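Note that this is a predicted model, so its numbers are computed, not measured. Labels below follow one simple rule: chain letters A, B, ... track the order of the sequence lines, proteins then strands, and each chain is numbered from 1.
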2 protein chains.
Amino acid sequence: MSHRKVTSLEVAAKAGVSQSAVSRVFSGASASEKTAKKVRAAAQELGYRPNVLARSLITGRSRIIGLIVAYLDNQFYPVALERLSHALQEQGYHIMIFMASARGPDVDRVINELLDHQVDGIITASVGLTDALTERCEKAGIPVVMFNRGQQDRRMPEVTSDNLSGGKRIAEFLCAGGHERIGHISGWSGSSTGQDRAAGFAAGLRGAGSALIAQLDGMYSREGAVKAAREMVEVHKTDALFVGNDHMAFAVMDTLRGELGLSVPDDISIVGYDDVPMAAWAAYDLTTLRQPVNQMVSATVGLLMDMINGESTARKIQIQGPLVVRGSAKIPKG
Amino acid sequence: MSHRKVTSLEVAAKAGVSQSAVSRVFSGASASEKTAKKVRAAAQELGYRPNVLARSLITGRSRIIGLIVAYLDNQFYPVALERLSHALQEQGYHIMIFMASARGPDVDRVINELLDHQVDGIITASVGLTDALTERCEKAGIPVVMFNRGQQDRRMPEVTSDNLSGGKRIAEFLCAGGHERIGHISGWSGSSTGQDRAAGFAAGLRGAGSALIAQLDGMYSREGAVKAAREMVEVHKTDALFVGNDHMAFAVMDTLRGELGLSVPDDISIVGYDDVPMAAWAAYDLTTLRQPVNQMVSATVGLLMDMINGESTARKIQIQGPLVVRGSAKIPKG
DNA sequence: GCTTGGCTTGCAAACCTATGCAAAAGGCGG
DNA sequence: CCGCCTTTTGCATAGGTTTGCAAGCCAAGC
């Protein structure tokens, strides 16, 4: 029933050294092998482990990274979360996680709580920051990296895939496939990723001598995508759709095949964006542009570490991904 | 460039009161409205927010809950995570998250790090604990609740669905559907959930005068499920399968329909377990037994809070869920 | 043997807040 | 105006660690 925590002082007493000696042994500072041995033995016997809270209080570094994530129903984010978790653990950091809607007041409150907890850095996954928040973090000296989302006005560090190029290559692929009536169900038009993919796609169509029949905002949600899909087919008679991410693309395919009785890709071609694991499942077999999660995560963590160590200034990183051709869209000959 | 944190002492100076007064205002202790006003004004002006680390150090409560989760590719867990996050935030707690394989040495290291961080409680989602770890947590006085996983030998608090009853009802449903050759692709047989569902299923079949043709371990993974599905069809000629969770059931359906060219449910019926959102998608339309995530999360958080407040002893909670009948299994007449 | 220089080591202050205790202030009836 | 009771306030300590500083130790070089 001894719930009391063992302190370095008790270890010191048992080992016959000073409390500082214990501290030095456990924080990796210089100490003779002789005392280190004594200390370790005493610690082992008492079951001592350093109190991270006290350490953080004095060093001013908590080794905690705040992670804010919006959409967990989109498989891209659980996967990213898993990778981020491992990458940060390798660097000796831990994740304090928050769920927040992409916009709205949640983010405000959440950032406050993160600052209260003295986190060493913040990663926002698909979450936008208001200027006020950005400024607040800057003033607190806490680095922020935006994962898979940009911020046009502010020069905030961010890691994304090359959305412009991606959209463009998808356009070229669909044009080469001989489609005549091409539509785009975009990601939320308030997000940089949604905008960039749409812009790249439109530019690609133009470059190939084609044009966009229609563009609807799918809001990154299944409901939005379903509604848009109906309109695309019934009103605009499209024969090909670029859908702003895989998560929506699955909803679109469900709607087309189930409710509307169409065949993919015979009646209509679908291309997504992300290449989440589910895209490879037989039920969807989705042609999509891959966002290289591993590279994006590495870049994010690397950038954050640099900023924490004061080695780098804010940067924007874009990573190219390949178009993964599967069975949901007509394949150009040759 | 004033990265220095504002302390309660500075606020006190500006407000013309003592540091304790500031502390009391922000920790909700008694204070006259007059001083409270002065303090809040000064704090506002300086941008002061209490340092949670220092607070935790002295109160001995960090208001952090450690969450260990194994499978993030199974949609059940992102959903649960989201709910847990919200439920805990409502109680004023925060989540420190760790990814760990269901068994193996990860868990060991992770628990240590959680203890180092002085978490107030631990939730393990589908992760088993060795006896040594259990004991360590007990000795540290840190409550642990196991979510969606039990531990047969130890009297550790846990929250699950009623897996025995669930398995039994699925068996009855399949028997009533007129199936003759019923197989079971189980969850990992080292897990209590996997065992209980299998046991309930077998009992249900016996009760209905039927018997299990074959049972194979799908290990909760897609690969395991795919392999098992092949063997079920090719070797055991099953006409109905209960698959230990939805995540595996999707893989089974992909394999049956794609690789083996079978029709579901005409050639073979499939029933899953969990009722993740994806089960309702047209591509799968999976008949499955629902695990009521909301209730399970509420129970988990409630249990943990009780334990933290010393109001309750360890308990095991089981929650009933309905069988959600969709299109992946023959529906009994009447 | 004494000086010089490099490691170790202990002392004590610092990090920032919460809180027990006693003193002060405020309210109220007599 | 006084005494009594309640509330508010300040003082000082505690919580567990890191770290600058100075003292101690030991070996090497003269």
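- The side chain to side chain donor-acceptor pair (under 3.5 Å) search around B/Thr7 returns none, not counting sequence neighbours.
- For the pair A/Asn51 CG and D/dG16 C1', the computed distance is 6 Å after rounding to whole Å.
- Between A/Arg55 atom CZ and C/dA14 atom P there is a gap of 22 Å when expressed in whole angstrom units.
- Residues B/Phe76 and B/Tyr71 place their aromatic rings such that the two centres sit no closer than 6.0 Å.
- Residues B/Gln118 and B/Ser62 bring no donor and acceptor atom of their side chains to less than 3.5 Å of each other.
- Between the CZ atom of A/Arg49 and the C1' atom of D/dG16 there is a distance of 16 Å, given to the nearest Å.
- Atom CG of A/Asp116 and atom P of C/dC16 are 14 Å apart (whole Å).
- Nearest heavy atom pair, residue B/Tyr93 against residue B/Ile64, reads CD2-N, 4.1 Å.
- With rounding to whole Å, B/Leu57 atom CG is found 14 Å from D/dA14 atom P.
- OP1 or OP2 of D/dT17 sits under 4.0 Å from a side-chain N or O of A/Ser8.
- In this view, B/Arg61 satisfies the salt bridge (Lys or Arg N to Asp or Glu O under 4.0 Å) rule with no residue, not counting sequence neighbours.
- Looking at the side chain of B/Ser32, the nearest of the listed nucleotides D/dT17, C/dT9, D/dT8 is D/dT8.
- When the P atom of D/dT18 is taken as reference, atom CG of B/Leu53 falls 13 Å away, rounded to whole Å.
- Contacts of B/Thr35 with the nucleic acid, taken as non-hydrogen atoms under 4.0 Å apart, involve only primed sugar atoms and P, OP1 or OP2.
- A rotation axis mapping the C1' atoms of four pairs onto the next four is fitted at both ends of the helix from C/dG1-D/dC30 to C/dG30-D/dC1 over five pairs, and the angle between these axes is 40° to 10 degrees.
- Remark: P of D/dT17 and CD1 of A/Ile58 are 11 Å apart, rounded to the nearest angstrom.
- Between the B/Ser56 side chain and the B/Val52 main chain, a donor and an acceptor come within less than 3.5 Å of each other.
- No side-chain donor-acceptor contact under 3.5 Å links A/Lys38 to the backbone of A/Val17.
- Residue contacts shown for A/Ala31 are limited to sugar-phosphate atoms, with no base heavy atom under 4.0 Å away.
- A/Leu57 is linked by a side chain to side chain contact (heavy atoms under 4.5 Å, CB included) to B/Asn51, B/Ala54, B/Leu57, counting only residues two or more places apart in sequence or in another chain.
- With sequence neighbours excluded, the residues forming a side chain to side chain contact (heavy atoms under 4.5 Å, CB included) with A/Ser191 are A/Arg149, A/Trp188, A/Thr193, A/Tyr220, listed by chain and number.
- Atom CG in B/Leu9 sits roughly 9 Å away from atom C1' in C/dC16 (whole-Å rounding).
- Take the nearest nucleotide of DNA chain D for B/Ala36 and for B/Ala54: the residue whose nucleotide is more 5' is B/Ala36.
- Contact check of residues 16-25 of chain A against DNA chain C (heavy atom, cut-off under 4.0 Å) returns A/Val17, A/Ser18, A/Ser20, A/Ala21, A/Arg24.
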